[in-house]
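FYI, side chains are in, hydrogens and waters are out, and symmetry mates aren't considered; it's all heavy atoms of this structure. These numbers were taken from a predicted model, which means no experiment stands behind them.
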Amino acid sequence: MDQQARGSDTGSGTFGGFSGADPYLPVCVAEGEDPQTALVRARTDLGDLLLAEKVITPEQLTSARNVVSKSPGKRIADVLLELDIDQEKMQSCVAGLAGMGFERVTYDDIEALKQLEMLGGDYCLKHGVLPIRPKGSRLLLGLVHTEDLIVIDEVQNKLGLTVKAVVVTPDDIAAVVEAHREQGSDADEIAVDEIIASIDEDDVALVENDEEELDLEKMAGESPVIRFVNYLIFNAVKEGASDIHIEPQEKKLQVRYRIDGVLFDAMNPPAHMKAAIVSRLKIMANLDISERRIPQDGRIRAMVHGRKLDLRMSTLPMVSGEKVVLRILDTRSIQVDLDDLGMSEDMLMMWKKQIAQPHGIVLVTGPTGSGKTTTLYSSLAQMDKKKQNISTVEDPVEYHLNGINQTQTHESIGMSFASALRALLRQDPDVVMVGEIRDGETAKTAIQASLTGHLVLSTLHTNDAPSAVTRLINIGVEPYLIGSALNAVVAQRLVRKICQHCKTMATPDDHIAEHLAMQGISVDQLAMGEGCDKCRNTGYSGRVGLYEMLILNDTLRDRIAGSPNVTEFRRMCVEGGMVTLRQDGFAKVGRGETTVDEVLRVTES
């Protein structure tokens with residue numbers, strides 16, 4: 001991307017739609033207004049300009065203006081930025097109207113790190129500003145809103161510099177601030193050995209904590225146990241872990257992180273720390289520290305590396321003490337675009353078609369930790385939340401989504417999936433997501449909802465896509481109802497991706513070559529990771545999905561009505577062209593995304 005300021009001349013690049021004065025540009029023309037006058041007015045009205053440049057639709061502009069008219073003090077730019085539109089095109093138009101330059105920036109482009117540190121990331125995010133680089137005796141400052149003169153004065157007073165402003169996108173500011181925080185955390189050295197050495201069994205202050213959020217950074221240094229627990233969580237987030245396992249053993253305490261689906265040893269603190277660490281975590285989660293004989297579940301809200309996280313905590317009494325598992329719930333991990341999940345182009349097109357259907361039931365299957373929730377949330381994000389009533393029933397609600405109505409089940413008071421779903425259907429929903437179909441009552445209610453004009457998305461714990469049909473039959477759903485309501489089933493797994501920093505090509509050995517030959521793949525060399533500091537010397541970094549999609553046609557619906565066994569039904573699906581998990585995995589091996597060992601680890605032959 002060209003980093004030079006653009007769009008300062010209203011007759012150039014950004015406003016190419018006006019050069020040539022096309023009289024048929026989609027400009028809002030008021031009643032009795034001359035079209036040419038409307039075209040001139042569009043050059044000074046942001047909404048009309050965005051419409052003329054085809055950045056927004058007439059419906060979006062009308063909706064935004066209605067919101068502004070009923071919300072005193074709200075700007076149309078604020079409303080439009082909340083819509084799913086191209087921020088680069090919009091901010092380019094904003095810059096042109098203001099006679100200012102426009103820039104796209106990344107963390108590597110920022111030369112004013114000292115000024116960024118002085119302002120603080122929270123200030124930059126709140127006010128939509130970003131110090132970019134010194135420019136002579138002035139500072140080049142990125143702005144989201146060009147009319148925020150008070151903010152410009154504040155920045156000049158805070159930094160003691162005069163500024164020259166250019167327009168930037170909110171997404172670029174957020175990405176730079178996040179990258180700056182992560183870079184800053186990497187520079188923090190924590191003396192773990194000193195912390196461990198200074199911990200004593202009585203080093204836990206039993207205090208009542210009424211705060212909803214615990215800022216770990218502010219709490220650091222208050223007590224050795226507190227500092228050590230903070231370090232565990234800090235380090236886990238820094239390493240990209242999804243879970244922290246604290247496992248008591250007879251003579252030591254084992255701490256392990258689950259990274260990219262695989263457990264790794266993190267550290268082995270002394271055994272005498274067991275009670276202190278578990279007690280500290282219980283205090284953070286508001287659990288009963290005196291009760292050690294029964295399992296307990298809780299939740300910790302924390303500020304880690306400058307961003308809010310939820311940690312779901314579970315304790316379980318063991319022979320050598322209480323085992324604790326912390327699930328790190330990071331909203332960023334589920335904010336994955338549907339196009340980036342790893343589906344092939346054809347499969348992605350079919351899936352988008354299925355989630356755009358007006359009614360029916362669509363299932364995602366796979367074991368725990370296979371990415372089902374991410375797939376469903378990514379699918380919901382594709383839908384029009386402005387025009388549709390999208391509701392979910394979950395247990396628990398792990399991630400909070402804007403624009404979506406989320407319901408938490410409570411089995412202890414009779415608020416089961418089935419009862420919550422029945423109540424939800426009286427709320428005039430268009431799309432319903434059921435967290436999991438666990439029993440026949442929930443399955444029958446979901447099927448009935450799909451047959452009465454709702455699109456239902458849900459998950460099942462089955463090993464492949466065809467097994468979902470037989471599972472529904474086994475838990476009591478009539479086969480003819482399944483054949484009528486079920487639209488599609490996707491089975492998925494997650495495999496580790498080859499690290500891009502140490503990726504190399506190698507000749508496959510006989511064992512791997514045999515598996516490739518069975519899949520009809522003939523290659524002289526395959527990609528693999530040698531191992532480096534970036535991937536903890538594993539050769540893998542990040543994960544990608546393997547997918548098996550079953551689309552129901554008339555032949556399969558007729559066969560379902562006859563209650564087929566799973567082996568026979570799976571054979572029919574494969575003969576009908578269904579790509580299996582293993583086939584999709586080996587296709588990704590051929591493209592150099594993962595390895596044969598990873599595919600064999602998560603799929604059945």
C499 side chain reached by T538 side chain, heavy atoms, under 4.5 Å: no
message: Quick check against the 3.5 Å criterion: does H461 have a side-chain atom that pairs as donor or acceptor with the backbone of P367?
response: no
task: Please step through salt bridge (Lys or Arg N to Asp or Glu O under 4.0 Å) for the pair D310 and R327, ending with a clear verdict.
output: CA-CA 8 Å; D310 279 354; R327 165 67 59 88; over 6 Å; no
field: Q406 (side chain) donor-acceptor with Y399 (main chain) under 3.5 angstrom
entry: yes
field: Shortest non-hydrogen contact from Y257 toward A241
entry: CB-CB, 3.9 Å
query: Donor-acceptor pair, T315 side chain versus Q296 backbone, under 3.5 Å?
result: yes
query: Is K282 paired with E322 through a side-chain N to carboxylate O contact shorter than 4.0 Å?
result: yes
- request: Answer yes or no: is there an ion pair linking K352 with D339, defined by an N-O contact shorter than 4.0 Å?
  value: yes
field: Chi angles and distances behind the salt bridge (Lys or Arg N to Asp or Glu O under 4.0 Å) call for E53, K89
entry: CA-CA 9 Å; E53 293 290 324; K89 292 180 179 178; over 6 Å; no
message: So which atom in Q583 and which in V579 form the shortest heavy-atom distance, rounded to 0.1 Å?
response: OE1-CA, 3.4 Å
statement: Closest non-hydrogen contact found for P466 with E548 is CD-OE2, 3.5 Å
task: Decide yes or no for P317 and P295: does some side-chain heavy atom of the first lie under 4.5 Å from some side-chain heavy atom of the second?
output: yes
- prompt: Taking D584 for the side chain and Y547 for the main chain, is one N or O donor matched with an acceptor at less than 3.5 Å?
  reply: yes
- request: Using modelled atom types only, decide if a donor and an acceptor are shared between the side chain of E411 and the backbone of S416 within a distance under 3.5 Å.
  value: no
message: When you measure from the side chain of T594 to the backbone of R496, do you find a donor-acceptor pair of N or O atoms at a distance under 3.5 Å?
response: yes
- prompt: With a 4.5 Å heavy-atom cut-off, do V144 and I173 have their side chains touching?
  reply: yes
message: Please tell me whether W351 and T375 have a donor and an acceptor in their side chains that are separated by less than 3.5 angstrom.
response: no
message: Could you tell me if S541 and Q500 have a donor-acceptor pair between their side chains, going purely by distance under 3.5 Å?
response: no
query: Do R570 and E575 sit within salt-bridge range, that is, some charged N less than 4.0 Å from a carboxylate O?
result: no
- prompt: Between S69 and N66, is any side-chain donor less than 3.5 angstrom from a side-chain acceptor?
  reply: no
task: In plain terms, say whether R312 and D297 are close enough for a salt bridge, that is, a side-chain N and a carboxylate O under 4.0 Å apart.
output: no
message: Would you say that more than 12 heavy atoms from the other residues, nucleotides or ligands in this model lie under 6.0 Å from the CG of N402, or not?
response: no
query: So, does S419 use its side chain to make a donor-acceptor pair with the main chain of G414 at under 3.5 Å?
result: yes
- prompt: Which pair of non-hydrogen atoms, one from D260 and one from G542, has the smallest distance, and what is that distance?
  reply: OD2-N, 2.9 Å
field: Salt-bridge contact R601-D597 (side-chain N to carboxylate O under 4.0 Å)
entry: no
query: Does a donor on one side chain sit under 3.5 Å from an acceptor on the other, for N389 and S391?
result: yes
field: Minimum heavy-atom distance T470-N565, with the two atoms named
entry: CG2-C, 4.1 Å
With N463 via side-chain contact (heavy atoms from CB on, under 4.5 Å) - residues at least two apart: R493, E604
field: Heavy-atom side-chain proximity of I244 to M313 below 4.5 angstrom
entry: no
Minimum-distance pair of heavy atoms, taken over all atoms of V55 and M90: CG1-N, 4.2 Å
query: Is the backbone of K372 close enough, under 3.5 Å, to the side chain of T459 for a donor and an acceptor to pair up by distance?
result: no
